[in-house]
Enquirer: 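Can you keep this structure in mind? I'll have questions shortly.
Every chain is numbered from 1, with letters handed out A, B, ... down the list of sequences.
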Amino acid sequence: MPQGIWVIAEQKEGKLKKVTLEMLSKAREMGQEVTALLLGSGVEGLAADLGQYGADKVLVFDAEVLKDYSTDAYTKVICDAVKEGDPSVLLGPATASGKDFLPKVAARLGTGLASDCTDLSMEDGKLVATRPMYAGKCLVETVVPDATPQMASIRPNVLAVGDPDASKSAEVVKKDVNVTDADLKAVLKEVIKGASEKVDLTEATIIVSGGRAMKDADNFKILWDLADALGSGTTVGASRAAVDSGYATHDMQVGQTGKVVNPNLYIACGISGAIQHLAGMRTSKVIVAINKDPEAPIFQKADYGLVGDLFKIVPLLTEEVKKLKAQD
Amino acid sequence: MDILVCMKQVPDTETKIVINPEGTGIVTDGIKYVMNPYDEFAVEEALKIKEKMGGTVTIVSMGPQRATEAIRTALAMGADKGVHLCDDAFEGADSYSTAKALAAAIKPLSYDIILGGKQAVDHDNAQVYAALAELLDISHVSIVTQLDVAEDGKSAVAQREVEGGAREVIEVSLPAFIACQKGLNEPRYASLPGIMKAKKKPIDVIDLAKSGLSADEVGEKGAKLKIRKFFLPPEREAGKILEGEPEELATQLVKLLREEAKAI
Ligand SMILES: Cc1cc2nc3c(=O)[nH]c(=O)nc-3n(C[C@H](O)[C@H](O)[C@H](O)COP(=O)(O)OP(=O)(O)OC[C@H]3O[C@@H](n4cnc5c(N)ncnc54)[C@H](O)[C@@H]3O)c2cc1C
């Protein structure tokens with residue numbers, strides 16, 4: 001009988017992504033043995049952390065061919081491991097790579113995958129996954145009744161990370177990696193770095209977003225200044241109107257046809273609050289809106305609404321934040 | 001190049017979602033349906049490839065009768081023909097059973113590349129392209145913002161958007177499935193002559209019998225992932241409106257964010 005919960009860890013450049021800890025923290029609440037799968041090159045040292053956050057066992061797949069993410073290599077390694085180990089539940093991150101290989105893994109194994117989940121629970125040994133649809137305008141509960149492993153990908157930044165337990169250590173099992181160059185049909189040639197080295201919108205704890213009111217790309221600087229003052233974990237987003245007008249790049253778009261984000265704090269500057277924009281940021285824990293129109297729909301969803309000119313307010317906010325941080 | 005585009009008709013993004021009283025689905029009355037916005041990028045890219053390299057563009061869509069409208073829109077943009085998987089048996093599918101049906105429709109066709117959106121903005125599963133590629137035993141590249149097909153049509157180089165605005169450059173042999181993301185191109189509008197011509201372009205309707213699949217493999221019966229409940233997220237209440245001079249607003253907000261919201 002299939003048994004246990006498997007969690008596919010995500011690491012980047014030798015560091016575990018926070019979503020990995022979020023998944024493990026959830027998995028360890030579910031009362032079954034938790035196994036983490038660690039793929040990469042020279043990553044074995046991360047196994048200890050995985051243990052402290054909840055893994056009872058870590059399967060390490062360490063090989064040069066896994067140094068960079070590859071759809072084909074990840075799919076093969078994971079499917080082979082699942083066929084051998086027969087887990088009941090398989091969780092992975094809903095990140096750029098997770099979203100890429102998990103549906104392929106599910107199709108190869110002939111099982112169901114709930115994508116981009118925001119909650120998980122266990123009912124009589126069955127995984128119940130909650131996930132948003134229509135960009136979060138509604139939610140559904142899903143189950144995989146007749147196939148295993150029951151798969152779910154987990155949206156980053158939603159589940160809480162539990163405290164590490166320094167006394168806990170996982171059993172580490174080194175596994176062979178049976179991937180040859182012939183298995184790689186799609187090949188990574190190069191990685192082009194983004195314009196900024198900032199945290200991704202989907203992982204940010206604070207987002208300062210600008211809309212059409214920013215008027216041009218240069219004005220986004222005042223948003224970046226505020227973001228810098230707020231510290232690491234903060235980044236800048238944009239409405240579609242700002243992106244389509246060329247003030248911001250495509251990867252900065254928040255909304256139904258952009259990124260769906262859930263930071264602790266979302267500061268909307270000169271954004272009216274169209275339904276497609278709200279869909280992308282409504283799950284932010286705290287929403288601040290700065291808009292000169294008191295009737296702007298964004299104020300209906302904001303915890304704090306500031307009526308006024310963003311070009312005056314934002315630089316003053318930056319100064320206030322700097323003062324506050326100087327006292328910390 | 002024989003180019004296929006997988007396209008889905010979805011509710012307009014303006015749609016306010018209402019759940020039916022049983023919690024088994026959304027209320028569909030009065031919904032306006034459109035081509036999935038990400039699929040527009042796929043249609044546009046297909047037309048561009050055809051303009052450069054010659055060939056045909058075929059739209060493949062699974063959906064109820066009304067989905068013909070979205071297929072016609074793609075034909076009006078310039079695609080050559082449509083394949084419409086339409087049967088009550090296909091209803092209620094998950095990504096897996098959708099991919100199954102699409103694969104059955106695609107297998108008999110000749111194709112050099114398949115394009116589609118990176119996700120459909122209704123169920124937001126973002127899985128069909130990968131599942132379909134797996135069932136067809138071809139590669140996929142997801143979240144593509146730039147695509148260059150080699151002159152011989154045998155391979156392509158795609159840029160894939162990853163975290164932090166970075167992009168992975170991936171070389172893939174064709175046929176492959178390319179899942180398109182915003183930024184790839186600017187979709188054209190259908191012209192009036194295009195709309196007229198589209199009326200005469202062929203749409204091949206494939207029902208369950210013609211697909212060669214059994215009713216157990218498709219739609220709700222073939223779904224591996226079952227939705228057992230639909231519900232709405234809690235409404236966000238409007239909070240405090242702060243008024244005053246910009247200086248006061250800034251001081252007040254920072255204080256509230258620190259002391260009340262504990263967000264900074
Ligand atoms: C298929 C489809 C998909 C879409 N997807 C998305 C999406 O993913 N994300 C998205 O954001 N939109 C999306 N949209 C677009 C959406 O409908 C809106 O058009 C868009 O969000 C508006 O952006 P905005 O709020 O920046 O601009 P506007 O609606 O023009 O609002 C500008 C706001 O700035 C205020 N303002 C002006 N000057 C100042 C000032 N000096 N100080 C303070 N406030 C000021 C104004 O009062 C106004 O409220 C989509 C639309 C469609 C049709």
Enquirer: With a 4.5 angstrom heavy-atom cut-off, is it the side chain or the backbone of B:Pro233 that approaches chain A, or both, or neither?
Expert: both
Enquirer: What do the steps show when you test B:Gln127 against A:Leu113 for side-chain contact (heavy atoms from CB on, under 4.5 Å), and what is the final call?
Expert: CA-CA 9 Å; B:Gln127 292 186 30; A:Leu113 162 65; 3.4 Å; yes
Enquirer: Let me know if A:Leu230 has heavy atoms under 4.5 Å from chain B in its side chain, its backbone, both or neither.
Expert: side chain
Enquirer: Non-hydrogen atoms of chain B under 4.5 Å away: do they reach the side chain of A:Ala302, the backbone, both or neither?
Expert: backbone
Enquirer: Report the C-alpha separation of B:Ile170 and A:Val187 in whole Å, then their side-chain angles, then the decisive distance to 0.1 Å, and conclude whether the side-chain contact (heavy atoms from CB on, under 4.5 Å) test is met.
Expert: CA-CA 5 Å; B:Ile170 297 191; A:Val187 182; 6.0 Å; no
Enquirer: Pick one of side chain, backbone, both or neither for A:Val288, based on which atoms fall under 4.5 Å of a heavy atom in chain B.
Expert: side chain
Enquirer: May I ask you to decide whether B:Glu163 forms a salt bridge with A:Lys259, counting only side-chain N to carboxylate O separations under 4.0 Å?
Expert: no
Enquirer: For A:Thr111, is it the side chain, the backbone, both, or neither that has a heavy atom closer than 4.5 Å to a heavy atom of chain B?
Expert: backbone
Enquirer: Write down the atom of A:Thr283, the atom of B:Arg236, and the distance for their closest heavy-atom approach.
Expert: C-NH1, 4.2 Å
Enquirer: Side chain, backbone, both or neither: which part of B:Gln159 has an atom under 4.5 Å from a heavy atom of chain A?
Expert: side chain
Enquirer: Please state whether the side chain, the backbone, both or neither of B:Ile227 comes within less than 4.5 Å of a heavy atom of chain A.
Expert: both
Enquirer: With a 4.5 angstrom heavy-atom cut-off, could you sort out which part of A:Val128 is near chain B: side chain, backbone, both or neither?
Expert: side chain
Enquirer: Using modelled atom types only, decide if a donor and an acceptor are shared between the side chain of B:Asp124 and the backbone of A:Ala135 within a distance under 3.5 Å.
Expert: yes
Enquirer: Give a yes or no answer on whether the side chain of A:Lys137 reaches the backbone of B:Thr15 with a donor-acceptor pair at less than 3.5 Å.
Expert: yes
Enquirer: Under 4.0 Å between a Lys/Arg side-chain N and an Asp/Glu carboxylate O for B:Lys182 and A:Asp244?
Expert: yes
Enquirer: Say you draw a straight line from OG1 of A:Thr142 to CZ of B:Phe230; how long is it, rounded to the nearest 0.5 Å?
Expert: 10.5 Å
Enquirer: Nearest 0.5 angstrom please: A:Tyr69 OH to B:Glu168 CD, how far?
Expert: 8.0 Å
Enquirer: Side chain, backbone, both or neither: which part of A:Asp309 has a heavy atom under 4.5 Å from chain B?
Expert: neither
Enquirer: Nearest 0.5 angstrom please: B:Gln181 CD to A:Thr257 OG1, how far?
Expert: 9.0 Å
Enquirer: Please check if any side-chain donor atom of A:Gln256 sits under 3.5 Å from a side-chain acceptor atom of B:Thr13, or the reverse.
Expert: no
Enquirer: Pick one of side chain, backbone, both or neither for B:Tyr96, based on which atoms fall under 4.5 Å of a heavy atom in chain A.
Expert: side chain
Enquirer: Which residue out of B:Ala158, B:Ala99, B:Ala131 racks up the most heavy-atom pairs below 4.5 Å with chain A?
Expert: B:Ala131
Enquirer: Below 4.5 Å from any heavy atom of chain B, which atoms of A:Leu278 appear? Answer side chain, backbone, both or neither.
Expert: neither
Enquirer: Is chain A contacted by the side chain of B:Pro11, its backbone, both, or neither, given a heavy-atom distance below 4.5 Å?
Expert: side chain
Enquirer: Name all residues meeting the ring pair (Phe, Tyr, Trp, His ring centres under 6.0 Å) criterion together with B:Tyr38; count only those two or more places apart in sequence or in a different chain, and write none if there are none.
Expert: none
Enquirer: Between B:His140 (side chain) and A:Asp100 (backbone), is there a donor-acceptor pair under 3.5 Å?
Expert: yes
Enquirer: Once rounded to the nearest 0.5 Å, what's the spacing between atom CD of B:Glu134 and atom OG1 of A:Thr71?
Expert: 11.0 Å
Enquirer: Which bit of B:Ile138 comes within less than 4.5 Å of chain A, counting heavy atoms only: side chain, backbone, both or neither?
Expert: backbone
Enquirer: Please determine whether a side-chain nitrogen of the Lys or Arg among B:Asp137 and A:Arg108 lies less than 4.0 Å from a carboxylate oxygen of the Asp or Glu.
Expert: no
Enquirer: Can you measure from NZ (B:Lys224) to CD (A:Gln150) and round to the nearest 0.5 angstrom?
Expert: 13.0 Å
Enquirer: Search all heavy atoms of A:Arg282 against all heavy atoms of B:Glu235 and return the closest pair with its distance.
Expert: NH2-CA, 4.3 Å
Enquirer: Can you list the residues of residues 254-264 of chain B that sit under 4.5 Å from chain A, counting heavy atoms only?
Expert: B:Val254, B:Leu256, B:Leu257, B:Arg258, B:Glu260, B:Ala261, B:Ala263, B:Ile264
Enquirer: Quick one: NZ on A:Lys185 to CG on B:Leu174, what's the gap to the nearest 0.5 Å?
Expert: 12.0 Å
